[in-house]
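Okay, structure first, notes after.
Letters go in sequence order (proteins before strands), and every chain restarts at 1.
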Amino acid sequence: MYIALRRTADGVEATDVGDDGIPGSPVRVDDLAAWVAVRERERPRWVWSDTATWYPPLLAAGVRVERCQDLRLCHAILRGAGMLEPDPAWDGPRPVRTTTPDGLFELEPEPDDADPVAELARQRSAVADDPKRALLLAAESVGALVAAEMTFAGLPWRADEHDRVLTEHLGRRVPGGRPEKLEALAARLREILDAPALNPDSHPELLRALQNAGLRVESTSKWELLEIEHPVVAPLLEYKQLARLLSANGWAWLDQWVRDGRFRPVYVPAGVVTGRWASDGGGALQLPKQIRRAVIPDPGWKLVVADASQLEPRVLAAMSGDRAMARAGQQTDMYQAIVDAGAVETRRQAKYGMLGAIYGGTTGESGRMKPRMERAFPTAMAYVEAAARAGERGEVVRTWLGRTSPPGTGLGYDETATDAQKRSTQQRAAAWGRFTRNFVVQGTAAEWALSWMGSLRRRLWDLGSGSLVERPHLVFFVHDELVVHTPAELADAVADALRESAAEAGRLLFRGAPVEFAVSVGIVDRYSDAK
DNA sequence: TCGGAAAGCGCC
DNA sequence: AAAGGGCGCTTTCCGA
């Protein structure tokens, strides 16, 4: 059964909807959290406009729910697939969040025409004969619950450790200036380049200084510098790395984002066109390896870190139905299995061949491996090639569960086009083909990850007792990696749950496909100790 | 003075 | 050694 919630001018209105789709009479709800806690015992699927606005106040009040349907996220999926009519009430972007002084989200009235009961009916009808998309809607929605829960719980973060890492790398803080070691490096660069006024943070200035010193470079980028032999290269690369650490995750970041021993990034489910999550503020999904030393569990607790190894290659094997690639995907090290199968000679070749298949690489090692990959894995290669060709023609492609790519635009030309126009259009078409090629794999990998998370979430809840943060709970997610914060005595059980959930996600999406979704799991006292 | 673009690099 | 796909974020620069 479903319970649809709606914010009206005079409070929250709730409507029961049976599995037959027949709604009851709306009732007024005064104390939402208390009411939800009571009704949750019936294990309904909560239906609401947007998990990001409804769920945080419930979590803050100590209420966790098992299931929901996030109408806005689901609407976007179905609209993209052309399965719903345009609807201004639901087509728009996510509502702007406003925060109250106590940090809770204000619930603003929703427009009159945004009727959750009617929208639920349309969405249910759209997927009634489409079990894969129905699964996608469920996965998307449970992902939204996890996102809110991870923000609520926060990633355990030791500010003192973070400060230690920064001071170790950058030197002592200097008010209004660069930290000591960084400034010393800047001084060395000025000396080596004989540019006393150089600000190495300015790309144009730096480029001019490099060129004046006789370096033949077109940019200041790392990969170009690596090809040059010159005494300035090593200290410059070190400077760049440290300057980035300071600006992206330095003391200012620490002050802004870490409170009471927790980093609470805001995740944006489906924030990326492929269905991957994005994050809003704090750069959560780009947390540098160096700084993960500050992620330390509470006393008596552990972090369990799990990484889905070679996820996208396995996903490609499963979704394309390529039997030879699936056989390789049964091994823990899929790249080595590709070597053992005789497709290529070295593990490195297998890796680059696979990356080329997924990203559309045409040059270098990827390009060289392509014929061998096509010989060894014709079905999988044809699958991604078809996605690329469709994209080049401006067609829409879809993931395994049915998320659709945006249509390509401006990829055709007529006879009046000049040669230059034709060339540039062809380049755009090729680029869009690389995008759609990657879309089907990256998007399906994101679906697998949502299923993994959803399955794990249920298992973690069943492992412990008490409130969400008293039980083992998810605290971090980056595309194919999960981090669980758990009481130490449950860490082994959590590790098992992570592996079982991965297997379950594989079965749920690709029932029958003989691909093993291997995960590497570590139980650690620091995030940086994983792997 | 402010906002957006570009460059560059962190993550997957 | 990247490359080839997807992002977010910071700094600097430049034009409205």
Exercise. Quickly, which of A:E312, A:Q349, A:M325 forms a side chain to side chain contact (heavy atoms under 4.5 Å, CB included) with A:M354? Name it, please.
Key: A:M325

Self-check item: Short side-chain to backbone donor-acceptor contact, A:Q336 and A:R347, under 3.5 Å
Solution: no

Quiz item: Taking only side-chain nitrogens and oxygens of A:S219, does any of them come within less than 4.0 Å of OP1 or OP2 of B:dA7?
Solution: no

Quiz item: NA contact type, A:S202, heavy-atom cut-off 4.0 Å: base, sugar-phosphate, or nothing?
Solution: sugar-phosphate

Exercise. Examine C:dA2: is either OP1 or OP2 under 4.0 Å from a nitrogen or oxygen in the side chain of A:K351? Give yes or no.
Key: no

Quiz item: Under 4.0 angstrom, heavy atoms only, what part of the nucleic acid is A:G271 near: base, sugar-phosphate, or nothing?
Solution: nothing

Quiz item: So which one's nearest nucleotide on DNA chain C is more toward 5', A:V272 or A:S366?
Solution: A:S366

Quiz prompt | Nearest-Å distance for atom pair CG/P, residues A:L207 and C:dT12 | solution = 16 Å

Practice problem: Starting from the C-alpha separation in whole Å, work towards a yes-or-no answer on side-chain contact (heavy atoms from CB on, under 4.5 Å) for A:M150 and A:V475. | Solution: CA-CA 5 Å; A:M150 288 197 299; A:V475 288; 5.7 Å; no

Exercise. Indicate, with a heavy-atom threshold strictly under 4.0 Å, whether A:S247 touches base, sugar-phosphate, or nothing.
Key: sugar-phosphate

Exercise. Using atom CG of A:L237 as one end and atom C1' of C:dA1 as the other, report the distance to the nearest whole Å.
Key: 13 Å

Practice problem: Ignoring the backbone of A:L355, work out which of C:dA3, B:dG10, C:dG4 is nearest its side chain. | Solution: C:dG4

Self-check item: Interatomic distance where CZ belongs to A:R208 and P belongs to C:dT12 [whole Å]
Solution: 14 Å

Practice problem: Could you point out which residue of A:Y383, A:F510, A:F439 forms a ring pair (Phe, Tyr, Trp, His ring centres under 6.0 Å) with A:W400? | Solution: A:F510

Exercise. Specify the separation, in whole Å, of atom CZ of A:F263 and atom C1' of C:dC9.
Key: 12 Å

Quiz item: Between A:F263 and A:W253, is the gap from one ring center to the other below 6.0 Å?
Solution: yes

Exercise. Please check if the distance between the ring centroids of A:W251 and A:W257 is under 6.0 Å.
Key: no

Exercise. Side chain of A:Q241 only, please: which of C:dC7, B:dG10, C:dA1 is the nearest?
Key: B:dG10

Quiz item: For the side chain of A:E205, counting heavy atoms from C-beta on, which of C:dA3, C:dC13, C:dA2 is nearest?
Solution: C:dC13

Quiz item: Within the structure shown, what part of the strands sits under 4.0 Å from A:G367 by heavy-atom distance: base, sugar-phosphate, or nothing?
Solution: nothing

Quiz prompt | Under the side chain to side chain donor-acceptor pair (under 3.5 Å) test, residues paired with A:E374 that sit two or more places apart | solution = none

Exercise. Quickly work out the A:M369 CE to C:dG4 P distance and round it to whole Å.
Key: 17 Å

Quiz item: Would you say a side-chain N or O of A:N199 is under 4.0 Å from OP1 or OP2 of C:dT12?
Solution: yes

Quiz item: Which listed nucleotide (C:dG5, B:dC12, C:dC7) is nearest to the side chain of A:Q286?
Solution: C:dC7

Quiz item: If you check the A:P204 side chain, which of C:dC13, C:dG4, B:dC12 turns out closest?
Solution: C:dC13

Quiz item: Pick one for C:dG8: is it syn, with its angle within 90° of 0, or anti?
Solution: anti

Self-check item: Rounded interatomic separation in angstrom, taking OH from A:Y267 and C1' from C:dC7
Solution: 15 Å

Quiz item: Which base, if any, makes a Watson-Crick or G-U wobble pair with C:dC9, both distances under 3.5 Å?
Solution: B:dG8

Quiz item: Looking for any heavy atom pair under 4.0 Å, which part of the strands does A:G356 touch: base, sugar-phosphate only, or nothing?
Solution: nothing

Quiz prompt | Check: C:dC7 base within 3.5 Å donor-acceptor of A:R276 side chain | solution = no

Quiz item: Looking for any heavy atom pair under 4.0 Å, which part of the strands does A:E365 touch: base, sugar-phosphate only, or nothing?
Solution: base

Quiz item: Checking all strands, does A:V441 fall into the base, sugar-phosphate, or nothing category for heavy-atom contacts under 4.0 angstrom?
Solution: nothing

Practice problem: Using a cut-off of strictly less than 4.0 Å, decide whether A:K222 has a side-chain nitrogen or oxygen near OP1 or OP2 of B:dG10. | Solution: yes

Quiz item: Partner of C:dA2 by Watson-Crick or G-U wobble geometry, both contacts under 3.5 Å, or none?
Solution: none

Practice problem: Round to a whole Å and report the spacing from OH of A:Y527 to C1' of B:dC12. | Solution: 10 Å

Practice problem: For the side chain of A:R244, starting at C-beta, report the closest nucleotide among C:dG6, C:dG5, B:dC9. | Solution: B:dC9

Self-check item: Phosphate-side-chain proximity, A:R434 and C:dG5, N/O vs OP1/OP2 below 4.0 Å
Solution: yes

Self-check item: side-chain N/O A:K240 vs B:dC9 OP1/OP2, d < 4.0 Å
Solution: yes

Self-check item: Candidate nucleotides C:dT11, C:dC7, C:dA1, ranked by approach to the side chain of A:V273 - the nearest
Solution: C:dC7

Practice problem: Take A:G364 and A:H203, find for each the nucleotide of DNA chain C with the closest heavy atom, and name the residue whose nucleotide sits nearer the 5' end. | Solution: A:G364

Quiz item: Just one of A:T167, A:V174, A:L166 clears the side chain to side chain contact (heavy atoms under 4.5 Å, CB included) bar with A:L170, so which one?
Solution: A:L166

Quiz item: Can you tell me how far P of B:dG8 sits from CG of A:L206, to the nearest Å?
Solution: 9 Å

Exercise. Kindly point out which of B:dC12, C:dA3, C:dG8 is positioned nearest to the side chain of A:D480?
Key: B:dC12

